Structure formats: C-alpha cells, structure tokens
Amino acid sequence: MDSAPRTYTLALLPGDGIGPEVTAEAARVLDAAADAHGFAIQTSEHAVGGAGLDAEDDPLPRATLDACLDADAVFLGAVGGPDWDGYAADLRPERGLLRLRARLGAFANLRPVAVSDAMAERSPLRPERVAGTDLLIVRELTGGIYFGHPRERTAAEAYDTMRYSVAEVERIARVAFEWAQKRSGRVTSVDKANVLASSALWRDVVSRIGADEYPEIALEHLYVDHAAMEVVRDPRRFDVVLTGNLFGDVLSDLAATLPGTLGLLPSASLGGRVGLFEPVHGSAPDLAGQGVANPLAAILSGAMLLDALGEGAAAASVRQSVDALLTDGPLPADLDGTASTSDVGAAVADGIASFTLTS
Ligand code: NAD
Ligand code: IPM
Ligand code: MN
C-alpha cells in the first residue's frame, strides 16, 4: 500500500544582507536530504528584519509570526544592516528577531563549535592548540539584559536591566547538564558573579541544580573575562559552556576564531513547540550581494533542524557531506577558496546522495 511521505512544514525567513543568499543554499541542501531520505519539506517564505520593515513597517510582521507558530520548524538567515540602523530601538530589525525568539519560547540557544584537523590548519590560532576542539555553548536566549525592564533612553542617559529569575536559570542549567550527560560530562558556567547580582543568583542556582540533579557532571564556574581568555588559550578544556544571553553572544563570536570564521558556526534555538535554526553570524553587509558568503553555517543549522525533526540519518548525511567538502573543496573565500556561495551549496547537496548510498 502506498503511503504519503512524511512531510514537514518549514517557515523560511531569509531576512537581510547575506541572509537570503545563505538561506537559499540551506534550503537546497534540506531538499536534497529530504529526497535522499524519503521525506518531504514544504517551505513557505516570510519577511523578517529589514525586509519586514520594508514590506510591512514591522521587523516581525504578524503574518510571519503566525506562519512560524504554525510550522514544524523555522529557519532564519540573518537580519539587520546599515539601511535600518536609523530606526528606533523597538523597530530595529534585530528587535524583530528577539521578539520571534521570545514568542517561540526559544530560551535555549545551542551553538556547537568543533574544529577538525583540516580546519585547524586554517585557524588564525596555532593549529596544535585548536585541533580537536569540540565545545557546545548553551546560551540563555530569552532573558537577561536583552529583555530586562526598565530599558530606556532619554536625552541625558540610557539604561538596560540585566535580570534573571530562579526559574529561568534552572531551566537553562538543566539543558546544559543534559547535554553534558550526552557529551563528555563537563559543564563550565560563565558569569560575572563577582560584580553582578543577576550573576550571583545565576551561580547559586546552577550550583544547586548541579549538586541536586546531576552530581555525576563535573561543574566549574568561570568569570566571563577569564572564560574569554581560556576560549582562545585552551579551547579543548571546554565541553559544555553554560552562560547568559549577552555573555553567550560575545563568547560565540570569539569562538569563531577557533575554526577561523563565523561562516562555519550553526545554531539551534529550542524550548518551545517550534525550534528556530539560524547561523551564528549576521547579515555581513560587507559581503552582501556578491555571492561569496560561506553558506556552511546555514547548512549546518539545517542539519540541527533535521535532528530536531527526528531525521537524524538525514542530518548525519548533511554533516558528512560538509566534512568531505572541508577536506576536498570547493571552498568559499573565508576558507581561502574561490567557490561562490551557490557552488558550495550545490557541492554539499550533490554529496548527500552519495553519502546516503554508502552509509
Ligand atoms: P556579521 O556576523 O554580519 O559579520 C562579522 C564579520 O564576519 C564580517 O567581516 C563578515 O563579512 C564575516 N562573516 C559573517 N558571516 C559570514 C559568512 N557566512 N561567510 C563569510 N564571512 C562572514 O556581524 P556584524 O558585521 O557585526 O553585523 C552586521 C549586521 O548583522 C548588523 O546589523 C547586526 O545587528 C546583524 N546581526 C544579525 C544576526 C542575526 O540575524 N542572527 C547576528 C549577528 C549580527
Ligand atoms: C546573534 C545576534 C543577535 C543576538 C542580534 C542580531 C539580536 O548577534 O544571534 O548572535 O545578539 O542575539
Ligand atoms: Mn551575535
């Protein structure tokens, strides 16, 4: 008896700058993975960020949000750019992304950073120090100083509020500990507990959850300034790095120096019914429109999306195809190659069929 293939609905939000360029390649690879693994992905495209402002005067138009809330998964390219920098704080493209994360309940942002031997050779850091790095940043994404009130700018002053509740820290700490159980059993919690009240609470709550619920996990605490140095000096000491919204933002771009480019770092933002998948990088206005951006961060975010849908075999074949490309090429400009964004996407998509046959 014929049965219809498994079908997932995907809301695609290309956004601004290089966002549409890398999103097109991620979508191409997702389609190839679906074909090879016997399921279907039904995509619809929606405006967000600057594109939302241009179309609807809103960085998160109502129709976009509704489509995201209805979908099985959401993929976002990037938002922002100089065209929209003059907008008021609450209308900036970036605020649209923050609202989307909040509305999806996507409080857990997972940002894996792994450096193979082939990538270590191209790192701006000493290859023997970074080869074998395999860490996971677990960044709290819907709280902290990004969302705290009061937040105000007047002619004379401006302020933001870094606020964390016990419940917010408990739930993100559990995510980090659960990942450590599946990985190497170590959590480094990063804060500024020597100065900030919100961090002192953070540290106490993480310690309690660790001791009460995950005694087998080795937990250490680092101040964020010290952690920043260690990420560069000895990245292999880290397994799971648990941290708040702002510190996680900064540490993840810093961690991009390990493989040498933001063009390789994917992310998944989970917690609600619908996950949000987006590269760590932004809209790269310096590259936009040239067809030279590296789409691998977007493509690897697509692999995280497949994992979240329960299509682990398809995710694995995407990663295998990316690994082969990192060894054999064709490579994009940020990895010292000459391949265009679409050359790279096409090569990964082509590779998937062969990895599916041989695996
Ligand atoms: P950015 O991440 O866009 O770029 C930083 C540097 O990394 C640039 O030199 C850029 O060329 C390079 N880079 C980024 N992605 C790349 C890729 N795929 N391939 C090759 N090189 C890549 O950060 P920025 O310049 O600080 O910010 C630009 C805009 O993007 C701002 O408006 C910012 O708010 C926004 N932004 C959006 C997101 C997001 O949508 N998730 C994330 C970060 C920044
Ligand atoms: C990221 C970005 C966003 C953040 C901005 C664009 C709101 O830098 O995803 O890392 O700070 O979270
Ligand atoms: Mn960032």
Side-chain angles (χ1 to χ4, degrees), residues 13-26 47-53 59-60 74-87 89-102 104 106-111 113 122 124 137 139-147 160 243-257 259-269 276-301 322 331-345:
L13 279 50
D16 310 319
I18 64 167
E21 300 169 40
V22 299
T23 299
E25 301 314 318
V48 73
L53 285 165
L60 182 63
V74 180
F75 185 96
L76 184 139
V79 298
D83 289 355
W84 306 281
D85 280 346
Y87 277 84
D90 283 343
L91 274 182
R92 287 184 61 108
E94 293 83 351
R95 208 26 81 176
L97 173 55
L98 298 181
R99 280 167 50 204
L100 178 62
R101 290 169 177 172
L104 292 176
F107 70 87
N109 183 214
L110 309 178
R111 297 184 156 188
V113 183
R122 293 190 208 94
I137 298 174
R139 172 192 178 196
E140 201 291 326
L141 199 63
T142 54
I145 197 165
Y146 278 49
F147 290 93
D160 300 275
T243 191
N245 209 337
L246 180 61
F247 300 152
D249 180 45
V250 176
L251 288 179
S252 47
D253 274 33
L254 180 64
T257 62
T261 174
L262 268 172
L264 286 171
L265 298 199
S267 90
S269 303
L276 169 65
F277 302 84
E278 41 173 336
V280 169
H281 64 71
S283 61
D286 52 332
L287 306 180
Q290 300 171 43
V292 297
N294 183 347
L296 293 175
I299 288 168
L300 291 168
S301 302
V322 169
L331 295 173
D334 60 333
L335 295 171
D336 302 326
T338 55
S340 69
T341 307
S342 59
D343 290 341
V344 174

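Each ligand, and each atom within it, is numbered from 1 in the order the structure gives. By convention here, the first residue in the shown sequence is residue 1. Hydrogens, waters and symmetry mates are skipped; everything else that's a heavy atom, side chains included, is used. Here the structure is a predicted model, which means the values were calculated and not measured.
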Student check: side-chain heavy atoms of R122 and D336 closer than 4.5 Å = yes
Euclidean distance, D83 CG relative to S283 OG, rounded to 0.5 Å | 9.5 Å
Can you tell if the side chain of P259 reaches within under 4.5 Å of the side chain of V113, non-hydrogen atoms only?
-> yes
For the Mn ion (ligand 3), which N, O or S atom of D249 is at the shortest distance?
-> OD1
Pairing of R101 and E278 as salt bridge, 4.0 angstrom limit = yes
In Å, rounded to the nearest 0.5 Å, how long is the span from CG of D16 to CG of L97?
-> 10.5 Å
In order of chain and number, which residues sit within 4.0 Å of ligand 1 by heavy atom?
-> I18, A78, V79, G80, G81, E94, L97, L262, G263, E278, V280, H281, G282, S283, A284, P285, D286, L287, A293, N294, D334
Report yes or no: does D253 have an N/O/S atom closer than 2.8 Å to the Mn ion (ligand 3)?
-> no
Minimum-distance protein heavy atom relative to atom 2 (C) of ligand 2 | D249 OD1, 4.0 Å
Is it true that the side chains of Y146 and D249 contain a donor and an acceptor less than 3.5 Å apart?
-> yes
Does an N or O anywhere in R139 fall below 3.5 Å from an N or O of ligand 2?
-> yes
Closest non-hydrogen atom pair, L264 against L300 = O-CD1, 3.7 Å
Who gets closest to atom 3 (C) of ligand 2 by heavy atom: R101, E94, H281, E278?
-> R101
Correct closest heavy-atom pair for G50 and W84 would be CA-CE2, 3.3 Å
L53 and P59 have their tightest heavy-atom pair at CD2-CD, 3.7 Å
The answer for which part of R111 has a heavy atom under 4.0 Å from ligand 2 is side chain
Atoms in ligand 2 flagged as close to Y146, the criterion being non-hydrogen separation under 4.0 Å | 4 (C), 11 (O), 12 (O)
